[in-house]
Amino acid sequence: MTIKLFGITREIVGASHIPVPDNQPLKTVADLKTWLYMEYPSLKQLKSIAVAVDQSYAEDHEVLGAAAEVALIPPVSGG
Amino acid sequence: MTIKLFGITREIVGASHIPVPDNQPLKTVADLKTWLYMEYPSLKQLKSIAVAVDQSYAEDHEVLGAAAEVALIPPVSGG
Amino acid sequence: MAMIKIVTHIKLEEAYSYLSCPEAGAINLFIGTVRNNAHGKKVEKLVFEAYEPMALKEMEKLAVLAQQRWHISKLLMLHVVGDKAVGEPVVAIGIASAHRQEAFEATRFLIDELKKTVPIWKKEFYQDGSSWVNAHP
Amino acid sequence: MAMIKIVTHIKLEEAYSYLSCPEAGAINLFIGTVRNNAHGKKVEKLVFEAYEPMALKEMEKLAVLAQQRWHISKLLMLHVVGDKAVGEPVVAIGIASAHRQEAFEATRFLIDELKKTVPIWKKEFYQDGSSWVNAHP
């Protein structure tokens with residue numbers, strides 16, 4: 001699985017994607033967030049991070065399953 | 001004194017001005033309205049008529065005095 | 001700053017250029033246009049007539065009220081006179097302000113008040129006649 | 001009907017032509033532009049980045065909500081990506097409706113919600129640095 005990054009998350013990580021190692025058992029959105037904050041502690045400085053699964057906002061309890069596309073959504077600031 | 005007419009008042013009277021005979025003692029806006037409704041009874045069919053004195057709305061009690069410009073303002077419908 | 005005019009045609013680009021300015025982050029532009037129907041009747045055109053010097057004075061009064069009430073960078077009020085076909089713009093109210101709330105509120109105030117007090121009249125033409133809008137009880 | 005796009009430039013005339021239609025008497029167009037200052041700092045430019053496919057989906061969801069809530073003839077949502085100088089338009093929200101109240105309310109709803117949910121990010125560039133807006137507590 002690969003996680004798309006935008007805006008400040010892209011800059012913090014220094015890449016536009018994070019590859020998730022296959023040996024990580026990330027079942028839910030919450031699992032993914034826990035793993036991310038461990039791997040990239042500087043993401044904690046952000047006001048919030050939402051997760052989008054297949055281009056829709058996903059709640060913490062949602063199962064990643066066979067998601068085709070996962071992305072981190074730092075605080076939005078369009079408009 | 002001459003009274004400017006617009007829109008439906010112009011059409012009802014059939015002219016863009018009403019000349020007020022010099023022998024009419026029209027002191028206030030109310031006097032003017034009374035005289036107008038007598039001379040042009042069909043103006044009564046309108047929802048309302050306001051009077052503008054020197055290009056500002058004038059209340060009934062206001063004195064016409066040496067007004068440079070008097071106009072009838074039927075219900076407005078701009079916009 | 002305000003641009004207040006009675007015109008024969010409203011040009012959108014001109015309105016927008018006037019409103020655009022570096023200190024404003026929000027521009028709200030309301031355009032009233034000729035609808036193809038009114039009170040269930042098919043409208044063919046509108047004709048607008050204004051008591052121009054007084055209409056301009058009344059619009060200026062409204063502009064002053066709006067500028068006292070909201071922090072406004074630029075204010076625009078244009079109204080047409082003459083014949084207008086379906087779809088054509090007849091009134092434009094524009095506000096440029098630092099933030100959007102002021103732009104929305106001031107635009108709404110100005111168009112609501114313009115319709116109440118500014119001496120401009122509209123005659124609707126249908127297939128089978130015409131009438132001065134709002135004239136009769 | 002809705003026109004929803006992520007673009008590199010907002011063209012006002014195009015937006016207005018899309019919104020113009022015979023059954024609408026009211027067109028309200030909100031344009032967000034780059035302000036020359038933010039939080040007391042002089043802004044030199046903004047850079048916008050979008051998660052485009054998701055941003056379009058989120059905008060479409062908002063359009064559906066607005067169309068359920070108000071009677072709307074035409075709805076327009078445009079947002080830019082890329083570098084934008086002071087004064088340039090960055091977002092356009094337009095509503096055409098029979099009456100003006102719907103146009104005002106729907107425009108306001110759409111820009112308020114767009115700012116909350118649509119995955120687009122803005123980086124402000126000052127003389128002495130830059131920052132992603134709203135990112136930190």
Side-chain angles (χ1 to χ4, degrees), chain B residues 1-20 26 28-30 32-34 36-37 39-79, chain C residues 4-7 10 30-35 38-39 43 46-62 77-82 84 89-93 107-124 129-137:
Chain B
M1 189 169 65
T2 271
I3 300 162
K4 285 178 185 274
L5 302 176
F6 298 95
I8 197 166
T9 56
R10 184 175 45 70
E11 286 190 1
I12 286 173
V13 172
S16 63
H17 291 80
I18 298 175
V20 181
L26 305 181
T28 64
V29 168
L32 171 65
K33 283 186 178 174
T34 306
L36 271 168
Y37 285 126
E39 291 288 311
Y40 304 93
S42 47
L43 290 176
K44 288 180 197 167
Q45 71 187 255
L46 300 182
K47 198 189 276 180
S48 66
I49 297 186
V51 171
V53 173
D54 291 343
Q55 303 172 0
S56 278
Y57 286 105
E59 304 281 332
D60 275 0
H61 64 83
E62 287 183 42
V63 174
L64 294 172
E69 194 168 311
V70 175
L72 299 192
I73 311 290
V76 300
S77 52
Chain C
I4 294 174
K5 287 194 210 171
I6 305 276
V7 296
I10 287 173
F30 172 78
I31 311 279
T33 61
V34 181
R35 281 178 71 198
H39 342 288
V43 170
L46 299 183
V47 175
F48 286 89
E49 181 175 337
Y51 178 14
E52 288 203 24
M54 179 173 169
L56 291 169
K57 283 185 186 176
E58 289 294 321
M59 289 196 271
E60 277 153 20
K61 285 180 195 170
L62 296 177
M77 298 179 89
L78 306 177
H79 200 296
V80 298
V81 285
K84 291 291 143 190
V90 302
V91 61
I93 306 286
T107 306
R108 207 160 168 170
F109 167 81
L110 289 171
I111 182 66
D112 286 353
E113 295 303 311
L114 178 147
K115 285 177 168 266
K116 288 182 210 161
T117 63
V118 176
I120 298 177
W121 299 273
K122 163 167 63 199
K123 192 174 191 175
E124 287 171 351
S130 66
S131 84
W132 288 98
V133 174
N134 201 28
H136 296 99

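Just so it is clear, the model here is predicted, and its values are computed rather than measured. Naming convention: chains lettered A, B, ... in sequence-line order (proteins, then strands); numbering from 1 in each chain.
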Would one find more than 12 heavy atoms of other residues, nucleotides or ligands at under 6.0 Å from atom CD of B/E59? no
Residue part contacting chain B, namely of C/K116, when any heavy atom lies under 4.5 Å: backbone
Is C/H136 in contact with chain B via its backbone, its side chain, both, or neither, using a 4.5 Å heavy-atom distance? both
Which pair of heavy atoms, one from C/N134 and one from B/V76, lies closest together, and at what distance? ND2-O, 3.3 Å
Distance, nearest 0.5 Å, that separates NZ of C/K57 from OH of B/Y57: 13.0 Å
Heavy-atom distance under 4.5 Å to chain B: side chain of C/A50, backbone, both or neither? backbone
For C/K115, is it the side chain, the backbone, both or neither that has a heavy atom under 4.5 Å from a heavy atom of chain B? both
Any residues in residues 45-52 of chain B near chain C, with a heavy-atom distance under 4.5 Å, and which are they? B/Q45, B/L46, B/K47, B/A52
Could you look at C/V133 and say if it's the side chain, the backbone, both or neither that has a heavy atom under 4.5 Å from chain B? both
Is any side-chain heavy atom of C/Y51 closer than 4.5 Å to one of B/E69? yes
Quick one: which residues of residues 8-17 of chain B reach chain C at under 4.5 angstrom, heavy atoms only? B/I8, B/R10, B/E11
So, the side chain of C/W121 versus the backbone of B/P74: is there a donor-acceptor pair under 3.5 Å, distance only? yes
Relative to chain B, which segment of C/K122 carries a heavy atom at a distance below 4.5 Å: side chain, backbone, both, or neither? both
Is the closest side-chain heavy-atom distance between C/W132 and B/P75 below 4.5 Å? no
